[in-house]
Amino acid sequence: MGHRNLGLCSLKYANHVCLVSVINYRIAATTPFHPLWRHSCSLFHSTITNAPPPLSALHALSIKNASLQTLNSANHLLNLYAKSNNMGNAQKLFDEIPQKNTQTWTILISGFARAGSSQVVFNLFREMQTKGASPNQYTLSSVFKCCSLDNNLQLGKGIHAWMLRNGVDVDVALGNSILDLYLRCKVFEYAERLFENLPYKDVVRIVSWGSMVSGYVWNGMYEDCLKIFKLMVRELVVVDIRTVTTVISACANVGILEFGRHIHAYIQKIGHRIDAYVGSSLIDMYSKSGSLDDAWMVFRQINEPNVVLWTSMISGCALHGQGRQAIGLFEEMLKQGIIPNEITFLGVLSACSHAGLLEEGFRYFSMMKDAYHINPGVEHCTSMVDLYGRAGRLMETKNFIFENDISHLTSVWKSFLSSCRLHRNVEMGKWVSEMLLQVAPSDPEAYILLSNMCASNHRWDEAARVRSLMHQRGVKKQPGQSWIQIKDQIHTFVMGDRSHPQDKEIYSYLDVLIGRLKEIGYSLEVKLVMQDVEEEQGEVLISHHSEKLAVVFGIINTANRSPIRIIKNLRICTDCHSFIKNASQLLDREIIVRDIHRFHHFKHGSCSCGDYW
DNA sequence: ATAGGGTTAG
């Protein structure tokens with residue numbers, strides 16, 4: 001064992017365990033040149049180099065007549081296998097150990113838990129108890145992790161109840177794994193009660209906070225997440241950076257720029273370095289909140305960019321329709337020797353489709369398959385359908401769908417139908433509609449797209465038939481909502497909303513604005529968007545769509561010429577799109593709308609989406 | 001010796 005190896009070891013696995021193992025094997029050996037010593041060395045070496053250790057090392061261990069000393073050695077060795085994800089060898093060794101103690105079982109269980117083999121873990125857990133070994137905190141933690149992986153709330157609850165009955169002590173780490181289960185299974189009452197009861201002083205209690213935060217994010221409870229974050233800031237001096245990362249991702253989903261900015265400032269205040277993790281989530285947050293400039297600023301200041309960081313910047317550009325920038329970034333990334341993953345390509349393809357870059361999109365799709373050997377997933381294929389369709393290559397779109405076996409996907413047909421509508425190909429559109437309704441008979445958006453297509457081709461009867469079919473089948477349109485942040489307050493609007501305190505002001509200004517916009521060429525496209533409002537209630541309701549209310553509210557409550565940012569939970573409707581284009585011209589205001597699909601930057605009477613969305 | 005939370009897509 002030379003210095004070179006030890007040096008390597010300190011670099012890579014400067015792990016006390018390795019050294020202790022080697023020393024133990026050395027003690028276990030009877031002579032200085034016993035084969036075991038040699039095997040230990042090679043095992044140690046392979047730990048360093050991360051290659052699988054030779055199996056013969058196992059058999060060299062003569063543990064049949066084991067002393068306590070050799071059991072410890074065996075456990076160490078077992079641990080090495082488990083840590084290096086070599087569960088095959090771990091199992092073999094485990095089977096050869098005659099007197100297994102709690103640690104022996106626990107090491108194997110935790111190895112399988114890490115590998116995600118929950119069923120194996122459950123079986124071992126049962127077996128160890130029948131063999132008289134009692135689980136400790138570590139064992140239980142691994143078992144809960146597997147319950148969580150499998151969404152097996154019942155088993156987890158059973159074990160937890162058994163622990164309570166038997167007075168098993170729950171330390172914070174174990175508590176966190178139970179917490180994780182309850183959060184993943186969305187039983188927030190349990191999670192919250194457990195959270196309250198965990199030892200408060202433990203420094204790793206910080207992880208419990210983090211679990212609560214990410215639990216809320218997984219379940220889309222962004223407001224609860226932000227609330228608990230504020231509580232953390234108040235109660236703890238410093239919130240750790242991993243939790244902050246989760247909170248930022250919650251902000252990205254809500255898309256509220258000002259709150260995201262506060263958290264960014266908070267990170268700077270507590271003096272945390274912004275690594276690739278935080279950087280990626282900040283970039284994502286800024287681009288989803290409508291400020292690509294801030295995203296770029298974060299991107300440029302990260303010292304050690306990784307593939308995720310590049311990908312978030314590329315996807316951000318895609319979201320804002322900046323196809324060329326996205327491609328430029330991607331090429332730069334390749335030049336720097338960073339290997340793109342499937343999500344990177346998704347970003348690139350979606351950038352191409354949002355910007356109508358057909359050839360480039362096709363080239364990157366091939367590159368993904370041929371140069372990087374990534375099998376196209378359904379999302380990649382959907383992007384390609386978007387790309388072909390937007391370019392008006394409807395026959396190619398159709399062929400692509402069947403060649404790639406994606407005809408069962410709702411998103412594919414929705415995208416195709418939008419393209420038929422854009423290119424006014426009614427015949428293809430009707431066929432696509434039939435396919436869509438077969439796949440998605442209860443999807444409200446399918447009916448709306450379909451009747452919009454009929455309407456934009458002046459086929460009013462057919463549009464009406466689609467609407468009544470939707471009613472017959474009891475398909476309800478998801479209510480449209482838009483929101484805007486002014487200072488610390490988030491204002492949410494639904495269509496025809498009268499609940500806002502500034503209600504009167506909003507509606508009277510809206511009327512005035514519509515009048516002035518009509519003078520510069522805007523006309524309410526009543527018939528075109530009738531479907532969006534479910535009932536034929538005419539011009540009034542359309543003029544009161546939630547995004548119009550939010551825009552007007554923004555105009556009233558912000559300084560002249562400052563940008564207005566709106567978020568909408570559905571696709572923006574044709575009429576609102578035209579309304580906002582004209583308003584941006586008349587008032588010389590930048591209006592930025594994030595809809596369910598992408599961003600629209602309205603400026604000087606036109607939109608960054610090029611009227612395709 | 002063995003256990004616990006983070007980033008990018010949709």
Expressed in angstrom and rounded to an integer, what is the separation of [X] atom [atom1] from [N] atom [atom2]?
{"X": "A/N341", "N": "B/dA9", "atom1": "CG", "atom2": "C1'", "result": "9 Å"}
{"X": "A/K100", "N": "B/dT2", "atom1": "NZ", "atom2": "P", "result": "20 Å"}
{"X": "A/I109", "N": "B/dT2", "atom1": "CD1", "atom2": "C1'", "result": "10 Å"}
{"X": "A/Y286", "N": "B/dT7", "atom1": "OH", "atom2": "P", "result": "18 Å"}
{"X": "A/L174", "N": "B/dT2", "atom1": "CG", "atom2": "C1'", "result": "13 Å"}
{"X": "A/M128", "N": "B/dT2", "atom1": "CE", "atom2": "P", "result": "16 Å"}

Pairs touching residues 263-278 of chain A that satisfy salt bridge (charged side-chain N to carboxylate O under 4.0 Å, His left out), sequence neighbours left out: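 Residue pairs with at least one partner in residues 263-278 of chain A: A/R273-A/E304.
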
Pairs involving residues 117-126 of chain A, ordered by first then second residue, that meet salt bridge (charged side-chain N to carboxylate O under 4.0 Å, His left out) (sequence neighbours left out):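 Non-adjacent pairs meeting salt bridge (charged side-chain N to carboxylate O under 4.0 Å, His left out): zero.
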
Salt bridge (Lys or Arg N to Asp or Glu O under 4.0 Å) with [X]: which residues, sequence neighbours excluded?
{"X": "A/R571", "value": "A/E445"}
{"X": "A/K145", "value": "none"}
{"X": "A/D294", "value": "A/R261"}

Contacting residues from residues 274-282 of chain A, given that a heavy atom lies under 4.0 angstrom of DNA chain B: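 By residue number: A/D275, A/A276, A/Y277, A/V278, A/S280, A/S281.
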
Got a sec? Which of residues 289-300 of chain A come in under 4.0 Å of DNA chain B, heavy atoms?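 Nucleic-acid contacts, sorted: none.
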
Of all pairs that satisfy side chain to side chain donor-acceptor pair (under 3.5 Å), the ones with a partner from residues 213-222 of chain A, not counting sequence neighbours: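 Qualifying pairs, neighbours excluded: A/K186-A/N219, A/E192-A/Y216.
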
Using distance alone, with no hydrogens and no angle criterion, decide if A/S177 and A/D180 have a side-chain donor and acceptor under 3.5 Å apart.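 Looking only at side-chain atoms, A/D180 and A/S177 do not form any donor-acceptor pair under 3.5 Å.
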
B/dA1 base to A/N72 side chain: any donor-acceptor pair below 3.5 Å?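 By the distance-only test, yes, there is a pair.
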
Among residues at least two apart in sequence or on other chains, which ones pass side-chain hydrogen bond (donor to acceptor under 3.5 Å, both in side chains) with A/T139?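 Result, side-chain hydrogen bond (donor to acceptor under 3.5 Å, both in side chains) vs A/T139: A/T106, A/N136.
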
